[in-house]
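One structure below.
The structure displayed is predicted, hence computed values, not measured ones. Atoms considered below: every heavy atom in the structure, side chains included; atoms not considered: hydrogens, waters and symmetry mates.
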Amino acid sequence: MNLYGTARAIAGQKYGLQDVVESHVAAENIEPGAALFGKVGDDRVFNAHKNVVALVASANLVTGNKLAAKVNGVELEEVDFDTDTDTTLAVLAEAINSNESLSEAGISASVVEGSKTITITGETDVTGSITVTGGESQATFTATASNDMKFVGVAVHEELAYREGTGFYPANIPVNVMAHGKIYVPVATGATPADKKPAYVVLSGDDKGKFTDNPSGAYDCGCVFRSDEKDGLALVEVNGLK
């Protein structure tokens with residue numbers, strides 16, 4: 001496809017005339033060609049993130065344990081063991097939920113009862129850790145990050161210029177999102193897209209938000225590649241909410 005006298009496509013450029021484009025609200029700065037995610041009942045859309053961290057203890061907590069937690073760089077006050085594992089984790093969850101800076105960032109915590117697990121959820125990337133000291137034994141917590149949002153579509157290219165900058169949709173601005181159709185997207189390093197290969201979205205690392213044919217650790221967005229890679233881009237077919 002020729003564009004401005006060259007054979008180079010651009011991220012977010014639509015291909016063909018048959019597509020469905022919906023209007024959403026950018027929850028953060030969004031560039032054309034970005035894979036976008038949202039929550040049910042919320043019209044805002046986000047970039048690709050691992051917005052959930054599950055922290056699972058290796059064993060039950062015991063009397064004398066003290067829990068030191070850090071969430072997105074915020075160090076919380078130590079929590080003393082109280083009654084049993086679920087009760088102690090509930091106290092920690094309340095400390096997270098009542099922290100002003102974490103609340104302002106849209107971060108909350110809840111306990112999965114009977115599983116030695118506390119789940120921390122946000123709107124963008126979430127990190128968390130818990131260290132246990134004191135008591136006769138100290139459980140260790142393992143963190144697993146994931147994404148609980150749904151793939152909505154791909155941000156469509158527009159000539160964008162706002163007070164905040166050019167070339168992207170700023171937060172709180174309406175963003176055009178292709179829900180069905182063909183569109184050019186950025187491709188992850190080492191990906192080998194080809195026509196009719198399944199496409200996935202990378203959720204972390206240097207290629208976060210880009211598309212790949214490697215499903216390992218990536219989000220199955222229900223998209224299909226419709227070309228190979230050229231100049232860091234490939235054509236994908238978007239097939240709706242996933």
Side-chain angles (χ1 to χ4, degrees), residues 1-22 24 26-38 44-52 123-125 145-160 165-171 173 175-242:
M1 174 179 289
N2 288 331
L3 183 70
Y4 307 138
T6 74
R8 186 190 303 271
I10 55 178
Q13 177 185 328
K14 297 197 294 181
Y15 180 91
L17 300 177
Q18 295 184 337
D19 58 66
V20 175
V21 175
E22 301 173 345
H24 293 268
E28 55 184 327
N29 291 352
I30 290 171
E31 295 186 356
L36 299 181
F37 296 78
R44 297 177 302 160
V45 286
F46 298 80
N47 292 302
H49 296 290
K50 288 190 174 182
N51 70 307
V52 178
E123 295 180 332
T124 58
D125 290 318
S146 61
N147 171 33
D148 73 343
M149 296 189 186
K150 298 295 184 182
F151 174 77
V152 176
V154 177
V156 175
H157 172 77
E158 306 283 349
E159 296 297 329
L160 300 168
T166 59
F168 61 89
Y169 297 93
I173 293 295
V175 51
N176 291 323
V177 182
M178 180 176 285
H180 292 271
K182 298 175 183 177
I183 189 167
Y184 284 96
V185 298
V187 175
T189 303
T192 56
D195 190 26
K196 298 182 181 179
K197 258 190 173 184
Y200 306 89
V201 179
V202 179
L203 294 177
S204 61
D206 293 338
D207 287 321
K208 185 172 77 167
K210 295 183 179 181
F211 287 76
T212 180
D213 59 322
N214 182 2
S216 179
Y219 188 100
D220 181 2
C221 59
C223 298
V224 178
F225 283 113
R226 297 312 307 265
S227 77
D228 57 6
E229 180 271 335
K230 184 175 182 181
D231 297 327
L233 300 175
L235 187 65
V236 299
E237 184 171 350
V238 183
N239 296 304
L241 185 71
K242 175 72 173 184

Could you state the interatomic distance from [atom1] ([X]) to [atom2] ([Y]), rounded to the nearest 0.5 Å?
| X | Y | atom1 | atom2 | result |
| --- | --- | --- | --- | --- |
| Glu22 | His180 | CD | NE2 | 7.0 Å |
| Tyr200 | Thr212 | OH | OG1 | 9.5 Å |
| Ile30 | Arg44 | CD1 | CZ | 11.0 Å |
| His157 | Gln13 | NE2 | CD | 7.5 Å |
| Lys230 | Leu235 | NZ | CG | 13.0 Å |
| Leu233 | Ile183 | CG | CD1 | 11.0 Å |

Check whether the side chains of [X] and [Y] place a donor and an acceptor atom closer than 3.5 Å, and report yes or no.
| X | Y | answer |
| --- | --- | --- |
| Asp125 | Asn51 | no |
| Lys197 | Thr192 | yes |
| Glu28 | His49 | yes |

Practice task
Over all heavy atoms of both residues, which pair between Ala199 and Val236 is shortest? Give the atoms and the distance, please.
Solution key: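 Residues Ala199 and Val236, closest heavy atoms: CB-CG1, 4.3 Å.
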So does [Y] get a backbone contact from the side chain of [X], meaning a donor-acceptor N/O pair under 3.5 Å?
| X | Y | result |
| --- | --- | --- |
| Asp195 | Ser227 | no |
| Asn47 | Asn29 | yes |
| Glu229 | Gly232 | yes |
| Asp207 | Thr189 | yes |

Handout entry: Verdict with supporting geometry, Ser204 and Lys50, side chain to side chain contact (heavy atoms under 4.5 Å, CB included)
Key = CA-CA 7 Å; Ser204 61; Lys50 288 190 174 182; 3.9 Å; yes
Problem - Stepwise side chain to side chain contact (heavy atoms under 4.5 Å, CB included) check, Glu158 with Phe168 - result: CA-CA 9 Å; Glu158 306 283 349; Phe168 61 89; over 6 Å; no
Kindly indicate whether the side chain of [X], heavy atoms from C-beta on, has any atom under 4.5 Å from the side chain of [Y].
| X | Y | value |
| --- | --- | --- |
| Pro198 | Asp213 | no |
| Val154 | Val156 | no |
| Lys182 | Lys14 | no |
| Asn147 | Tyr219 | yes |

Exercise for the section: Mind telling me whether Phe211 and Phe225 have parallel, tilted or perpendicular rings, with 30° and 60° as the class edges? Expected result: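 The arrangement is perpendicular - the two ring planes meet at more than 60°.
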Practice task
Check the pair Phe46 / Leu36 against side chain to side chain contact (heavy atoms under 4.5 Å, CB included), numbers first and verdict last.
Solution key: CA-CA 5 Å; Phe46 298 80; Leu36 299 181; over 6 Å; no
Exercise for the section: List the steps, then state whether side chain to side chain contact (heavy atoms under 4.5 Å, CB included) holds for Asp220 with Lys242. Expected result: CA-CA 8 Å; Asp220 181 2; Lys242 175 72 173 184; 4.0 Å; yes
